[in-house]
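Down below is the structure, laid out as structure tokens.
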Amino acid sequence: MVADQPHLILVDGSGYIFRAFHALPPMTRPDGVPVNAVFGFTGMLGNFLTRHAGSHIAVVFDHSRNTFRNTIYADYKAHRPEPPPELVPQFALIREATAAFGVACLELENFEADDLIAAYAKAFSAEGGKVTIVSSDKDLMQLVGPLVQLLDPIKQKPIREPEVFEKFGVTPDKVVEVQALAGDSTDNVPGVPGIGLKTAAQLIQEYGDLETLLASAEQIKQPKRRESLVNFAEQARISRRLVQLDADAPLPAPIDSLLARAPEPGRLSGFLRDQGFRSLQHRLGLDGDGATAPPTSAPRFAPPPAILMKAEPAATLDDAAPFGPYETVTDLATLERWVAEAQAAGTVAVDTETDSLDALHAKLVGVSLAIAPGRACYIPLAHGPKPGTGDMLEAAPEAPAQIPLREALSALQPMLEDPGTLKILHNAKYDLEVLGRPQAEGANSGIDVSPVDDTMLISYSMDAGRHGHGMDELSLRHLGHSPMTYDQVTGTGRARIPFAQVELEKATAYAAEDADVTLRLWRLLKPRLRTDGALATYEQVERRMIGVLKEMEEAGIRVDGVELARIGEDFSGRMTTLEQQIHELAGKPFNVGSPKQLGEILFDEMKLPGGKRGKAGAWGTDAAVLEDLSARGHALPKTVMHWRQLSKLKSTYVEGLAAQLDPRDGRVHTDFSMAITSTGRLSSTEPNLQNIPIRSEEGVRIRRAFVASPGHVLLAADYSQIELRLLAHLADVPSLREAFANDEDIHSRTASEIFKIEPGKVDREARRRAKTINFGIIYGMSAFGLAARLGIGAGEAKGIIDAYFAQYPGIRAEMERLKEEARINGFVLTPFGRKLWIDGIASKDMSRRGNAERAAINAPFQGGAAEIIKRAMVRMPKALRDAGLDAKMLLQVHDELLFEVPQGQLTATSQAVKEVMESVAELRVPLRAELGHGGNWAEAH
DNA sequence: TACATCACG
DNA sequence: GACGTACGTGATGTAC
């Protein structure tokens, strides 16, 4: 960054004024003139000037309420109240204060301050100058660009393209298009009814701009949206003109006159004295008689580097380095130089390129390294020839020159395994699985990469629930840079080529950039872990989970494919029969798998009662609806439910699972995602082994197909009532604590207490109700929700909830505390300190906020439970090893761990597993794990 | 690709 | 007085 690059600071005066006025209690001068806004403004401006410097600076004001926008649209800002009378006399004094600092005041009749800001920003940046606009007004976000940024005066946070994107879902140049659609109630910009920020952003992303969208409005699929766009097209155009700032507004003062300069001697202190602002004189170092505070200590506006310039690029030149060009390493000597440089640096970002997203099958194609921002390389290892044109006369293309795989890996291995060189990866589990897999015939490497840091997990530890943690997203968000995408490199659809066929130049640009981005993210995010209070979560839990999950994924679980096929045949036959019955009952054949067709038959043709339409206008036919109809004595719904159950099990589990069976070992290997959920849980994909059926008899058959290896048994260990234990712990409920301490049935205890039934005389129905409400509580349930689940009236449900809270007042207090915590901080903390962000908690949309509040209530319980089992998993391998046991941990299903145990070690393993799981956290209630074992997963329960 | 549905905790 | 109504996931089939 060039230190003396021209830098214009434009302060949005109105923002300062209103903030000052509303933040401070009334204050008056001895002569009775109100001055609270003047005082606040002067303090804020003085404070800003002592901390920031630019080459040019001005404060921009609104001239009057009437502007050209009122002639476009009379209602523009019409609902804004007149400024309060106490504020009016302060406007002139505020301009005086600005001038006393030696700062220019800008205003112009008929234009808003925002237009002048736009005009000066345009003029200044056109000459290559940098512009900082001090304001948090979202209407100014349209001005953000390579040379123009906003600075939020409250949070002292720069607002650049990623922040704008976060707010509007589009890049700054498209902000007005979005605003034109979404409107703005605070400014009375009408927009298009029914279209909010989300929809607007989506439409603009799709169509590019308002006019293109309006031109294609007739083709919009959603009927309501289409109608709105057609009917309110003109209103949208007007809205666009209202929000579009006029960057061609005349400049009331030449740019040169905005040059930053020290205040005239005495003028500032004179002003402060006149207003009676003694504390400000002191704060600004102007209160001395010359003895302690000579004039030279007055604010200087020139040399001290702006906070903007040091806030992030304190690390400086480095982090401003361009993304590329990067080096392609194709000879051993060059590779050895890179390896030596990495070891000398002590930290290196590493990324692997492969031919598959599935780590257990992926073949290594290349490795990239980054040692400093902008300094990165790509080492191709298994690139083949470019795809030919298919012309038979063409000479066979040759593979590009590259270091032989074995030699390259031998050169890399010592560095990758060097305990003194930290390897930084994004989603390290993947790369570690690829590099760690020993393979015959040259492919992959058997390298045990250590130690590692993982930027995905660093981000997740701090920002779970706030946004995704993919590299591209983090890069745009934190670095303001969109890396090249995989699709751009390999193409998409039919034209897609394997990465190994991508030409080296392109592969290097992509692969080295990913390593570069990873390194830059690490430099930015790693220090934040400590300040954000997320260091322990990352170091003690997330980072240690990498190796644990790697082992589990590699182990996989044995599935009996023959049994699976038998189940499939059986289901098929039964489905055929059911389908015939359904068609007869319906009076005609139709596709039973189509909810749309089913809805039409049930509600349009058969005219059954109780139909409700979903958001797309189709009849709802889910299990709850069908159950209801069935209870009214209709045969069709029940038959459909049965068919659906078989259909689900067959397609998702019988066929889906069979397709995932690895023929090499007869096992299925899931991929645990570590950074997906907003609560700290894992998730499982390809296949999802966390939702294998168990609740129905047919489901149990599927689970029986998960079997132990010969000579082994499966051991399942479930945490008992873990979320309710956390409830008893967090809300500190004496009677629930006692119940757990005595190993009582918690739902019976609850039933006895809220329904006032003698202990021991609780019947099944009372227990069922208590169980429903116990779970409902940790989901933030309402009376309505409870009524629906229990099939009782809302009044009765409310009575039960009232009785519950009367019995357990600590629980209600805890629910309120969690909502409050989320509202104030934007996040809640689990009992172990994991930070979980609650999206939408500040939303003005009642429904959205309601959802967020329930999520805030649930998050500490779900997240706390996730934390407990993760900690147990992290401790498990060593505990087993120390006990001389060979059991393998195979799966985690949120509150359950599944192990494969050599038959002779069952007792000892059970003991060790139980001990680890129950001792991993000290709560106000004991933790309990329940164990079972058998030849298959169903039996182990 | 959106939606509805349903498998699990 | 209306609103919408229990938390968190992933996979599948239909319809567009």
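Order of the sequence lines fixes the chain letters, A, B, ..., with proteins taken first and strands second; residue numbering starts at 1 for each chain. No experiment lies behind these values; they were computed from the predicted model shown.
- Residue A:Ile692 is in sugar-phosphate contact alone, with no base atom involved, counting any heavy-atom pair closer than 4.0 Å across all strands shown.
- Counting only heavy atoms from C-beta on, A:Thr679 has its side chain closest to C:dG8 among B:dG9, B:dA7, C:dG8.
- Of the candidates B:dA4, B:dG9, C:dA6, C:dA6 carries the atom nearest the A:Thr772 side chain, counting heavy atoms from C-beta on.
- When the side-chain nitrogen and oxygen atoms of A:Ser683 are compared with OP1 and OP2 of C:dG10, one or more of them lie within a distance under 4.0 Å.
- Contact annotation: A:Arg644 side-chain N/O to B:dC6 OP1/OP2 distance is under 4.0 Å.
- Where A:Ser782 and A:His894 meet DNA chain C, the nucleotide closest to each residue was compared, and A:Ser782 sits on the side nearer the 5' end.
- Under the 3.5 Å distance criterion, with hydrogens and angles disregarded, no donor-acceptor pair is assigned to the side chains of A:Asp358 and A:Tyr430.
- Side-chain contact of A:Ser683 with A:Thr677: a donor-acceptor pair under 3.5 Å is absent, judged by distance alone.
- Taking the ring centre of A:Phe827 as origin, the terminal cationic atom of A:Lys835 falls inside the region bounded by 6.0 Å and 45° from the ring axis.
- Side-chain proximity of A:Ile676 to C:dG8, C:dG10, B:dG9: nearest is C:dG10.
- Across B:dA7, C:dT9, C:dT14, the shortest atom-to-atom separation from the side chain of A:Asn591 is found for C:dT14.
- Between A:Arg854 and C:dG8, a side-chain N or O to OP1/OP2 separation shorter than 4.0 Å is absent.
- Taking 4.0 angstrom as the limit, A:Gln597 places a side-chain polar atom (N or O) nearer than this to OP1 or OP2 of C:dA15.
- Distance from the side chain of A:Ala855 is smallest to C:dG8 among C:dT12, B:dA7, C:dG8.
- Using a 4.0 Å heavy-atom cutoff across all strands shown, A:Phe775 reaches at least one base atom of the nucleic acid.
- Among the atoms of the strands shown, only primed sugar atoms or phosphate atoms (P, OP1, OP2) are found under 4.0 Å from some heavy atom of A:Ser594.
- Distance noted for atom P between C:dT5 and B:dA4: 12 Å (whole Å).
- The distance between atom OH of A:Tyr779 and atom P of C:dT5, rounded to the nearest whole Å, is 17 Å.
- The phosphate of C:dG4 (OP1 or OP2) has no side-chain N or O of A:Asn851 nearer than 4.0 angstrom.
- Closest contact between the side chain of A:Asn691 and the listed nucleotides C:dA6, C:dC7, C:dG10 involves C:dG10.
- Between C:dA6, B:dC6, C:dT12, one nucleotide has an atom nearer to the side chain of A:Lys648 than all others, and that is B:dC6.
- Using cut-offs of 30° and 60° for the angle between ring planes, the A:His469 and A:His467 rings count as tilted.
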Given Watson-Crick and G-U pairs under 3.5 Å, DNA chain C in dot-bracket ([ ] crossing, | other strand) is ......|||||||||.
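- Distances shorter than 4.0 Å separate some side-chain N or O of A:Ser678 from OP1 or OP2 on C:dT9.
- Scanning residues 618-628 of chain A for heavy-atom distances under 4.0 Å to DNA chain B yields A:Gly620, A:Thr621, A:Asp622, A:Ala623.
- Comparing C:dC3 with B:dT5, their C1' atoms are spaced 25 Å from each other, to the whole Å.
- Of all nucleotides listed (B:dA4, C:dT5, B:dA7), C:dT5 comes nearest to the side chain of A:Phe784.
- The aromatic rings of A:Phe775 and A:His747 sit tilted, their planes meeting at an angle between 30° and 60°.
- You'll find the ring centres of A:His729 and A:Phe861 outside the 6.0 Å limit.
- Nearest-nucleotide positions on DNA chain C for A:Pro687 and A:Arg681 put A:Arg681 closer to the 5' end.
- As rounded to the nearest Å, B:dT1 and C:dA6 have C1' atoms that lie 28 Å from one another.
- Across all strands shown, A:Glu686 has heavy atoms under 4.0 Å from sugar-phosphate atoms exclusively, and none from any base.
- Per the geometry, CH2 belonging to A:Trp643 stands 7 Å off P belonging to C:dT14, to the nearest Å.
- Backbone-only contact: A:Gly593 has heavy atoms under 4.0 Å from sugar-phosphate atoms and none from a base.
- Distance, A:Phe590 CZ to C:dT14 P: 13 Å, rounded to whole Å.
- Just one of A:Arg834, A:Arg871, A:Lys429 meets the salt bridge (charged side-chain N to carboxylate O under 4.0 Å, His left out) condition when paired with A:Glu542; it is A:Arg834.
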